[in-house]
There are 2 protein chains.
Amino acid sequence: MTTVLIVDDQPLQRYAFRILLESVPETDVVGEAAHGAEAVRMTAELRPDVVLMDVRMPGMDGIEATRRIVAAGDRSRILVLTTFDLDEYVHAALRAGASGFLLKDARPEELLAGIRAVAAGDAVIAPALTRRILDEYARSRPATGRDPDDDPRLTGLTDREREILEAIGKGWTNGEIAAHFVLSESTVKTHVGRVLAKIGARDRIQAVIFAYDIGLARPNAG
Amino acid sequence: MTTVLIVDDQPLQRYAFRILLESVPETDVVGEAAHGAEAVRMTAELRPDVVLMDVRMPGMDGIEATRRIVAAGDRSRILVLTTFDLDEYVHAALRAGASGFLLKDARPEELLAGIRAVAAGDAVIAPALTRRILDEYARSRPATGRDPDDDPRLTGLTDREREILEAIGKGWTNGEIAAHFVLSESTVKTHVGRVLAKIGARDRIQAVIFAYDIGLARPNAG
DNA sequence: CCCCGCGTAGTACCCCGGTACCACCCGCCC
DNA sequence: GGGCGGGTGGTACCGGGGTACTACGCGGGG
């Protein structure tokens, strides 16, 4: 049974959510709040599994309420809902610690599925919003810079070993490397062992640092 | 009507997808490919609306195939499917330009909904994976100062844990960290465990990479 | 005053990583 | 033909890493 707190300034909207959630056996509405401050207080008190949080509300809005609930250490997962898919809302909500962001025009099943996912510790984003995030995600890439290819410390490595080193630099386990290159884990271990010996690293962690030092691996952000 | 190309090395798996997609009127399977190279060729030829792409395949895998299809300028949307929720797969697939990433254990309705969304230009990610994407997203978005001190991902760490994370970033073993801070190795393990949990790293290697990403650790040579 | 966050420390357990050693195949070159 | 390097694969072993759980002292805030 998933306990849910409904937060929305419009009584009719709360009513609609309540009707929907009570129509299925798996969710149980344990309370309703009409604004952010009330949401924070009731979350601390009722400890719902999921908080259905509207963004636009008079007084404290849903974003700030989300931030405070997360900061307070409450374990409740927060699913943010809005009528508008404004970028800033999404960014702010997710950075505030929300576990999900859906549009109010979602179909009932989608909403229920979202609550289920969030309650399970997963996260959900409305498909229409996911694209933007992925676009940014894909764009935040290359711009290589200087070339690690001719680094003298790499000349001793064979092509295969160099690939393996790159994989190590990405933080992959031996099993993942094996899967990616379609090899047995034994073979990967053999390669890894030779790489470590050649670059003078005592373990794969030193190899990761080595990869960053020579520019074979690069930070993703920050 | 949405045209779909099925890419998977296992005939039975392709069969299952075909049966599912042909059971609904809105999708039409226009072809099947057994490996990456074939997928690239058939996509250019058939111009399907959606490519259902398996990741693990002998020869060219789904990631590389996705990359080539996108690079070729084909308008087909690519929905990547895998049995394993390995981090790297998700990252690589999305960077390669995929419009979605689902797990094969998804329920049929989820899969169909995913295809619908992708065909409509939206994007989908399996709920179980969305959380990671959001973490990365929130991480890449802020674009604040270069100072790791106020990085939002560090705010949850205590001073001690931050010191430990720095030590991990230097590649130190638990024993070395214990010696440096004059602690027992048990205590170090406790701290390390908490750090990993808080930053969402599965092992210290991911923590090293994390430290480099946020600028807590920096490359030594060039 | 009592609780809680933090730092410290321990035990028990399991798995992955790393090493040592061996083996086979292939292409290349003497 | 024989040697050799690179790639692949295996077995066996062990130590460190990670997790789960427990515990205790301390200082600060309700």
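Residue numbers begin at 1 in each chain, while the letters A, B, ... track the order of the sequences.
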**Message:** If the cut-off is 4.0 Å, is Thr158(A) near the phosphate of dG5(D), judged by side-chain N/O to OP1 or OP2?
**Reply:**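 For Thr158(A), the contact criterion (side-chain N or O under 4.0 Å from OP1 or OP2 of dG5(D)) is not met.
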
**Item:** Residue-phosphate contact under 4.0 Å: His191(A) side-chain N/O, dG7(D) OP1/OP2
**Value:**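 No.
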
Can you check the [X] [atom1] to [N] [atom2] distance for me, whole Å?
X	N	atom1	atom2	answer
Ile164(A)	dG7(D)	CD1	P	9 Å
Glu163(A)	dT8(D)	CD	P	9 Å
Arg162(B)	dC6(C)	CZ	C1'	17 Å
Phe181(A)	dG9(D)	CZ	P	13 Å

**Message:** Base, sugar-phosphate or nothing for Thr187(A)? Non-hydrogen atoms, less than 4.0 Å.
**Reply:**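 Touches a base.
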
**Sugar-phosphate only, base, or nothing, as touched by Ser186(B) at under 4.0 Å among non-hydrogen atoms** =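 Since a base atom lies under 4.0 Å of Ser186(B), the category is base.
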
**Closest non-hydrogen atom pair, Ile69(B) against Met53(B)** =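 Closest heavy-atom pair between Ile69(B) and Met53(B): CD1-CE, 3.9 Å.
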
**Request:** Taking side chain to side chain contact (heavy atoms under 4.5 Å, CB included) as the test, write out the residues that go with Ala37(A), two or more places apart.
**Result:**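 Scan of Ala37(A) (side chain to side chain contact (heavy atoms under 4.5 Å, CB included), adjacent residues dropped) gives His35(A), Met60(A).
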
**Message:** Run the side chain to side chain contact (heavy atoms under 4.5 Å, CB included) test against Thr2(A) and tell me which residues pass, sequence neighbours left out.
**Reply:**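 Here the qualifying residues are Val4(A), Thr27(A), Asp49(A), Val50(A), Ile115(A), Ala119(A).
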
**Asked** Which salt bridge (charged side-chain N to carboxylate O under 4.0 Å, His left out) pairs, counting each pair once, include a residue from residues 28-37 of chain A, with sequence neighbours left out?
**Response**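 Every salt bridge (charged side-chain N to carboxylate O under 4.0 Å, His left out) pair that includes a residue of residues 28-37 of chain A, provided the two are not neighbours, is Arg14(A)-Glu32(A), Arg18(A)-Glu32(A).
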
**Request:** Kindly state each residue pair satisfying salt bridge (charged side-chain N to carboxylate O under 4.0 Å, His left out) with at least one member in residues 109-120 of chain A, sequence neighbours excluded.
**Result:**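 For residues 109-120 of chain A: Glu26(A)-Arg116(A), Arg107(A)-Glu109(A), Arg107(A)-Glu110(A).
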
**Among dG7(C), dG7(D), dA9(C), the one nearest Leu183(B) by side-chain distance** =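 The answer is dA9(C), which lies nearest to the side chain.
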
Show the atom names and distances, to 0.1 Å, of all donor-acceptor pairs under 3.5 Å that link a side chain in residues 186-196 of chain B to residues at least two apart or in another chain.
unit_1, atom_1, unit_2, atom_2, d
Thr187(B), OG1, Ser184(B), OG, 3.1
Thr190(B), OG1, Ser186(B), O, 3.0

Would you list the protein and nucleotides 17-23 of chain C atom pairs, both N or O, that sit under 3.5 Å from each other?
unit_1, atom_1, unit_2, atom_2, d
dG17(C), N7, Lys189(A), NZ, 3.3
dG18(C), OP1, Arg204(A), N, 2.5
dG18(C), OP2, Arg204(A), NH1, 2.7
dG18(C), N7, Lys189(A), NZ, 3.2
dG18(C), O6, Lys189(A), NZ, 2.8

